[in-house]
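Taking it in order: structure first as structure tokens, then the write-up.
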Amino acid sequence: MTQAGGPAALNGFLYQIIHHLGWITKVTLSGTLKGQDIENALLVLESRRGGDARVETPDNYLVEQYKTRRNRTWPLSDITKDVMRDLRKAVSLPFQKHAIYRFVTDGRA
């Protein structure tokens, strides 16, 4: 288990950077989202609105939230309070019906 405070923050930051690099590689090389070719896509990392990463296309929004919790589970209350609220803020109301939200963690199922 990662220590609380600075070491935990650093662990979470590195976890997020690794996933950001993975996103950049996938979007650039494969160019697909929901099985469709992507044209005019926008990749947003660490948005002010919410979510840790977001890919926007004219028809779709894919938002990810990264949280580390090594070798531990996530209580449902933490997911609804901390994770889902931040994910929903990432996409404005008129576009939420086209959004896909993903919670990415190293925690146990």
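Treat the numbers as computed from the prediction; the structure is a model and nothing was measured.
A distance of 9.5 Å separates CZ in Arg72 from CG in Asp106, rounded to the nearest 0.5 Å. Atoms CE and OH, on Met84 and Tyr101 in that order, are 7.5 Å from each other to the nearest 0.5 Å.
Listed for the Arg85 side chain is a donor-acceptor partner under 3.5 Å among the backbone atoms of Lys81. The backbone N or O of Ser77 lies less than 3.5 Å from a partner atom in the side chain of Thr80, making a donor-acceptor pair. Checking side-chain atoms of Thr105 against main-chain N and O of Gly107 turns up a donor-acceptor pair under 3.5 Å.
Minimum heavy-atom separation, Ala90 to Gly50: CB-O, 3.1 Å. Shown here for Glu64 and Leu87, the closest heavy-atom pair between the two residues is C-CD2, 3.8 Å.
Two residues are said to be in side-chain contact when any heavy atoms from C-beta on lie closer than 4.5 Å; Val63 and Val91 meet this criterion. Within the 4.5 Å cutoff, side-chain heavy atoms of Val104 are placed close to those of Tyr15. Contact annotation: the side chain of Asp82 never approaches that of Asp86 to less than 4.5 Å [non-hydrogen atoms, C-beta and beyond]. Between Arg49 and Arg54, some side-chain heavy-atom pair lies under the 4.5 Å cut-off. In this structure, Arg102 and Tyr66 have side chains that are not in contact, with every pair of non-hydrogen atoms separated by 4.5 Å or more. Counting heavy atoms from C-beta outward, Pro75 and Arg69 have side chains that approach closer than 4.5 Å.
The pair Asp52-Lys67 does not meet the salt-bridge criterion, since no charged nitrogen lies less than 4.0 angstrom from a carboxylate oxygen.
Around the NZ atom of Lys89, the shell of radius 6.0 Å holds more than 12 heavy atoms that belong to other residues, nucleotides or ligands.
With sequence neighbours left out, the ring pair (Phe, Tyr, Trp, His ring centres under 6.0 Å) criterion links Phe103 to Trp74.
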